[in-house]
Amino acid sequence: MAEPATEMAQAASGARRGRASGGGAARRAARTAVSIETARYIERNIPNLDVLNEEALAIIEANAETVLAEIGVNFVDNPEALARWRDAGAEVEGERVRIPRGLARQLCATAPGSFTQHARNPARNVEIGGRNLVLAPVYGPPFVRDAAGGRRYATMEDFRNFVKLGYMSKWLHHSGGTVCEPTDVAVNKRHLDMIQAHMLYSDKPFMGSVTEPVRAADSVEMAKILFGSEFVDQNTVMTSLININSPLTFDSVMMGALEIYARANQACIISPFIVGGAMAPTTVAGTLTQVLAEVLAGVAYSQLVRPGAPVIMGAFVTSIDMNSGAPTFGTPEAALITYGAGQLARRLGLPYRSGGSFCGSKLPDAQAAYETANSLNMALLAGVNFMLHACGWLEGGLVSSYEKFVMDADQLGALHHLARGIDMSENGQAMDALREVGPGGHFLGCAHTQANFKDAFWRSDLLDYKPFETWDEDGARDTQTLASLRVAKMLGDYQQPMLDPSISEALQSYIDQRKASEPDAFG
């Protein structure tokens, strides 16, 4: 199915090249476009929090090698993957792959320690790895919630709204992927509309589809229309989420998508999906052993497909309530695993994905705020390089919340400021202020304060700091009410970033042809 898709993309790209970059219409659009401020990705000037000593790290790494060599991992319904592993020196028995000690780590060595993901607006490019942190919104919920309509199935209109909110959010660096699952479009075709929405309604980097290999192929072909085939061949323009079917199982759907992206030199987050006590052991060390074993096998396989393909070590971690079986978030155990996995990722020399605005609450309430704050700060201190679900997550990931999206996105500003660390420049030392004010004075009017007050402190653009009387006169509005008003304002102020009309037409032509090539399927 990928070959006809490629032909359609080439035809569309050829039509684009035949136009003079949109001509006067494109130039007029450029003159009237509104520039939306986006903060540069975070570059940490604070230390990572390391919770494991050298002995503990060595034990976990040795145990992970034992898991791969003696227990093994399953690559299901994927004879090509089994053949690759056999040729690489692994023992293959049925669908079980046992990887000799050291082989997976040796294969992982060709994966880059960092890479640039290009956006269609080069000013929005992000560098993933090193001491950087890139923030992306919620991913995957089938439901949405807002204060007016409550909880309901997501639609394509909701999807476009969340892309617009992400584009308008200063502290988000990335447009993300499945910001919600639009259930009003056929399952086998919605990915086309979703990728198109990221391309049209934002100029930030975005993620590709992974729900079927052919949908990954569509994502690559659409990227070639947007960026040009040669550019995509030589650069990374998508980062996509490949979940491992924990424990120790690599299914053909996810691996098929990984194969498409790796061959195209597009980045994959290879991420165990860990629910402690259900899909991993109940202990921190046991879970870290499983996470590392799964990551080693997944990253190594990506390098068997194409040495040097960019990958990110992922760790999605939660535990369960042993009474109800429901997932729990913002817990001490999840924090310890996230910190420990960060140390393991750095020892492997790989970028690290984890964290998010995790919570189990049904509403954007105090529970949501506590759990989310724990999760966001944990991810910053763990050395995470790519944080999916950084805003909008509600109800254990079942819901994308409009109000919580803007509440979380606002709080991401605090992460930016904390990551700066302490300014020890002459201005940061503030000795001139201390000399000017002296004993018994105040600093409100001194020259140093006047020079620094605009940028001295992070200030929320959402939360209320008014005196009680003013707050009461304004309607005694709670945070969810303020967030609802902010959502309406952001969507009302939204203006689509300029894109060459010939590219938009080529994308639409590709989508129309792909949709016409097969009947709708909602199953």
Side-chain angles (χ1 to χ4, degrees), residues 35-51 114 123-135 168-174 330 335 338-339 342-343 346 352 355-357 369-370 372-387 390-391 406-471 474 479 482-483 486:
S35 179
I36 302 300
E37 183 182 7
T38 297
R40 180 179 167 86
Y41 54 84
I42 292 173
E43 298 174 85
R44 289 182 184 81
N45 287 311
I46 58 175
N48 299 316
L49 178 55
D50 292 342
V51 296
S114 66
R124 312 259 199 255
N125 292 354
V126 294
E127 185 72 19
I128 299 175
R131 297 195 59 77
N132 305 325
L133 171 57
V134 174
L135 301 170
M168 298 283 285
S169 297
K170 175 181 178 180
W171 305 113
L172 270 180
H173 317 116
H174 203 282
T338 304
Y339 293 134
Q343 290 181 256
R346 289 188 286 278
Y352 177 39
S357 61
Y370 283 128
T372 294
N374 286 345
S375 298
L376 290 177
N377 284 290
M378 165 196 74
L380 178 68
L381 297 177
V384 168
N385 300 117
F386 188 87
M387 190 198 299
C391 61
V406 299
M407 292 161 65
D408 293 338
D410 177 73
Q411 288 296 300
L412 297 179
L415 298 189
H416 281 73
H417 280 246
L418 180 58
R420 292 176 183 173
I422 297 174
D423 176 13
M424 290 304 297
S425 68
E426 185 175 340
N427 181 68
Q429 294 174 49
M431 289 302 294
D432 53 342
L434 292 165
R435 289 190 176 96
E436 178 183 342
V437 173
H442 67 76
F443 291 84
L444 290 174
C446 79
H448 185 272
T449 299
Q450 294 299 308
N452 286 278
F453 77 93
K454 288 184 179 180
D455 301 313
F457 308 121
W458 173 76
R459 179 181 173 88
S460 167
D461 291 327
L462 175 68
L463 302 182
D464 186 284
Y465 297 118
K466 302 183 187 76
F468 173 82
E469 293 77 12
T470 307
W471 169 80
D474 286 346
T479 304
L482 294 173
R486 184 165 178 79

Distance-minimising heavy-atom pair for [X] and [Y]:
{"X": "A382", "Y": "N48", "result": "C-OD1, 4.4 Å"}
{"X": "C446", "Y": "V437", "result": "CB-CG2, 3.8 Å"}
{"X": "F443", "Y": "A433", "result": "CE2-O, 3.6 Å"}
{"X": "A335", "Y": "M378", "result": "CA-SD, 3.2 Å"}
{"X": "L412", "Y": "L376", "result": "CD2-CD2, 4.1 Å"}
{"X": "S375", "Y": "G356", "result": "CB-O, 3.1 Å"}

Check: [Y] and [X] side chains under 4.5 Å, non-hydrogen atoms:
{"X": "I128", "Y": "H173", "answer": "no"}
{"X": "Y41", "Y": "E127", "answer": "yes"}
{"X": "Q343", "Y": "V51", "answer": "yes"}
{"X": "L463", "Y": "T479", "answer": "yes"}
{"X": "H448", "Y": "L434", "answer": "no"}
{"X": "N377", "Y": "L418", "answer": "yes"}
{"X": "L381", "Y": "I46", "answer": "yes"}

Which distance, rounded to the nearest 0.5 Å, do you find between the [atom1] of [X] and the [atom2] of [Y]?
{"X": "M431", "Y": "R435", "atom1": "CE", "atom2": "CZ", "value": "4.5 Å"}
{"X": "Q450", "Y": "N452", "atom1": "CD", "atom2": "CG", "value": "10.0 Å"}
{"X": "R486", "Y": "M407", "atom1": "CZ", "atom2": "CE", "value": "12.5 Å"}
{"X": "D461", "Y": "Q411", "atom1": "CG", "atom2": "CD", "value": "10.5 Å"}
{"X": "D408", "Y": "L462", "atom1": "CG", "atom2": "CG", "value": "10.5 Å"}

Check your understanding: In terms of heavy-atom contacts, does OH of Y370 have more than 12 from other residues, nucleotides or ligands at under 6.0 Å?
Key -> no

Point to revise | F457 atom CZ, neighbour heavy-atom count above 12 within 6.0 Å | key: no

Is it the case that the side chain of [X] and the backbone of [Y] share a donor-acceptor pair, with hydrogens and angles ignored and the cut-off at 3.5 Å?
{"X": "R44", "Y": "G421", "result": "no"}
{"X": "S114", "Y": "G130", "result": "no"}
{"X": "R346", "Y": "Y352", "result": "no"}
{"X": "E37", "Y": "W171", "result": "no"}

Practice item. Would you please classify the geometry between the F386 ring and the H174 ring as parallel, tilted or perpendicular, with 30° and 60° separating the classes? Key: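 Ring orientation of H174 relative to F386: perpendicular.
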
Exercise for review: Taking atom types as modelled, find out whether N427 and S425 have a side-chain donor-acceptor pair closer than 3.5 angstrom.
Suggested key: no

**Study point:** Audit row: I36, R124, side chain to side chain contact (heavy atoms under 4.5 Å, CB included) steps and yes/no
**Key:** CA-CA 11 Å; I36 302 300; R124 312 259 199 255; 4.3 Å; yes

Check your understanding: Testing L135, N132, V384 for side-chain contact (heavy atoms from CB on, under 4.5 Å) with I42, which one passes?
Key -> L135

Practice item. Kindly indicate, with the supporting measurements, whether the criterion side chain to side chain contact (heavy atoms under 4.5 Å, CB included) is fulfilled by L415 and M387. Key: CA-CA 12 Å; L415 298 189; M387 190 198 299; 4.2 Å; yes

